[in-house]
2 protein chains.
Amino acid sequence: MTPSPELSRAVLSDEIGANVRGVVSTARERARNALTEEILESARGQLATVGAAALSLRAVARDLGLASSALYRYFPSRDDLLTRLIIEGYDALGAAAEAADDPTAQPRTRWHAICAAVRAWALAHPHEYALLYGSPVPGYAAPQDTVAAAGRVGLALGRVLGDAARAGVLPPAEGRRTHLVTPAAAAGLGGEHPDLDDAVRARALLTWSSLFGLVSFELFGHFVGVLTDPDAFFTEQVGELADVLGL
Amino acid sequence: MTPSPELSRAVLSDEIGANVRGVVSTARERARNALTEEILESARGQLATVGAAALSLRAVARDLGLASSALYRYFPSRDDLLTRLIIEGYDALGAAAEAADDPTAQPRTRWHAICAAVRAWALAHPHEYALLYGSPVPGYAAPQDTVAAAGRVGLALGRVLGDAARAGVLPPAEGRRTHLVTPAAAAGLGGEHPDLDDAVRARALLTWSSLFGLVSFELFGHFVGVLTDPDAFFTEQVGELADVLGL
DNA sequence: CGACTGACGAGAGCGGTGCTCTCGTTCTGG
DNA sequence: CCAGAACGAGAGCACCGCTCTCGTCAGTCG
């Protein structure tokens, strides 16, 4: 069990040495970054076409003309590669949500825009969406990196709620002083405002999960044979959720 | 490509010959049924402990002291075994929902009871729940058998809605004559009643998917660090959904 | 400048998977 | 009773994730 000198820290933590200044110095390091990106690029393609479950390291290696063992110099395991893709996915979805949000618009319009953007992204990237919001890999414990990225969509929705409160659009809250919602989460759900109490924040979490419930049901086939016009249905129900929020 | 005489129809359609009268005649058939059940029993155990992704036919065979190839006499592929487990899962969840429903109670109480039963079942059978409502296996097309079983929970909720309408508990509907909801699905969502129009039915589908959105988020870890009391949160939000439904 | 050390890619190999094919055996219906 | 179907075992194929070793090359330090 003596630690092999072969295994360098660089494999586990991407950023080292000269790279702290954001400058890639040595040729080796440049090659390493380039190949890492090529691996991710190939893995992204696999994910998009065959899905996470069928994504294989050996296929990525074949794609790049590498020996499969060489990949382990860059990602310690298949799970680590998937984790990276998960983070990228959350980031892409969050970016799509933020791009759709016009902070100068009415809260209700913003809510509609963000929800529509989430659904559009999911329909355009079904396998990536399934990786993010489908069944987690058995025994998969989300590393701390992922939870940060995962919050981005929720934060976008939380901003809308907070801005609505500060604009005086929300109905007055009872000022309930329970604590169903964690302080950390509450901070991301619009921050402090008299019109935002624990009940309102809890309802915000309900609408958040309902949004993904709607998208997941549509994407995973639970609405097959049930809906005639998924588009119209979705926008109508997003409106219902806005009512629940008081937007 | 001449069809091998080895492959009998019995492998694909369980019910044949003397079994149509519900009577198992030959010893061979009795043995076949018994072994099929043993395979399923072992597979259920695997599913519950390691999850669907890690469920392996070879492990089941080892468990039963069989050669792995022998399993293919009973299930043509791993996917077929999983399909069987999916159907059983939907059935078990539906049974739990129905068992929790007291048709003599108030609609809102019934709604709460069914939702609580769904969540309880999911928490007690996380891997089974993930198999039903997590990401579908890539390229997996749900056989017709599964959709029937899958509807059971929805039907239970639909009965509550219909009974509420007939009891005059629901607020009057606008009588909107759109058709977002399929006639077949509408039939299961309480049937025909003046207080049940397309808008109400669509809202029912929203609350249905929201229920599973809540449960999935809790089970798949999206509420970690967000909620202090998942139980209290859930019942409160189920109440909100009941408000949306007008129960 | 040269030597050493660490990073690297290739290849073989291990144990696992789903699935197929063949081959004896055993049961069963005509 | 006997032909044919059903069956279980076993070998084998093509994959998979992952490990280990080995020769090579680059970068650093004396």
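Sequence lines set the chain letters: A, B, ... in the order given, protein chains first and strands last, and positions in each chain run from 1. Just so it is clear, the model here is predicted, and its values are computed rather than measured.
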Check the pair A:Leu241, A:Leu214 against side-chain contact (heavy atoms from CB on, under 4.5 Å), reporting the backbone distance first and the verdict last.
CA-CA 11 Å; A:Leu241 293 178; A:Leu214 279 171; 4.3 Å; yes
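Between the CG atom of B:Leu81 and the P atom of C:dT17 there is a distance of 14 Å, rounded to whole Å. One interatomic measurement links the two molecules: CD1 of A:Ile39 to C1' of C:dG9, which rounds to 12 Å at whole-angstrom precision. The CG-C1' distance, from A:Asp80 to D:dC18, rounds to 13 Å in whole Å. Straight-line distance from the OH atom of A:Tyr74 to the P atom of C:dG9: 3 Å, rounded to whole Å. Spacing between atom CZ of B:Arg62 and atom P of C:dG15 amounts to 13 Å, rounded to whole angstrom units. Between the CZ atom of B:Arg28 and the C1' atom of D:dA6 there is a distance of 4 Å, given to the nearest Å. Distance CG (B:Leu55) to C1' (C:dG16): 15 Å, rounded to an integer number of Å. B:Leu71 places its CG atom 12 Å from the P atom of C:dT17, with the value rounded to the nearest Å.
Side-chain atoms of A:Arg73 stay outside donor-acceptor range of the base of C:dA7, with no qualifying N/O pair under 3.5 Å.
Annotation: of the two residues near DNA chain C, B:Ala27 and B:Arg78, the 5′-most nearest-nucleotide partner is B:Arg78. Place B:Arg58 and B:Gly65 on DNA chain D by their nearest nucleotides, and B:Gly65 ends up nearer the 5' end. Checking B:Ser69 against A:Ala59, the closest nucleotide of DNA chain D that is more toward the 5' end is the one next to B:Ser69.
To the nearest 0.5 Å, atoms CZ (B:Phe220) and OG (A:Ser209) are separated by 13.0 Å.
A cation-pi contact, defined as under 6.0 Å to the ring centre and within 45° of the axis, is absent between A:Arg152 and A:Tyr90.
B:Ser77 comes within 4.0 angstrom of the backbone, heavy atoms only, and of no base. Here B:Leu35 lies in heavy-atom contact (under 4.0 Å) with sugar-phosphate atoms only.
The pair A:Glu37-A:Arg32 fails the salt-bridge criterion, with no side-chain N (NZ, NE, NH1 or NH2) lying under 4.0 Å from an Asp/Glu carboxylate O.
Distances from the side chain of B:Leu57 to the nucleotides C:dC19, C:dT26, C:dT17 place C:dC19 closest. Taking every side-chain heavy atom of B:Ala70 into account, D:dA9 is the closest of C:dC19, D:dG17, D:dA9. When the nucleotides D:dG10, C:dT20, D:dC16 are ranked by their closest atom to the side chain of B:Tyr72, C:dT20 comes out on top.
The stretch residues 221-234 of chain B participates, sequence neighbours left out, in these side chain to side chain donor-acceptor pair (under 3.5 Å) pairs: B:Arg119-B:Asp231.
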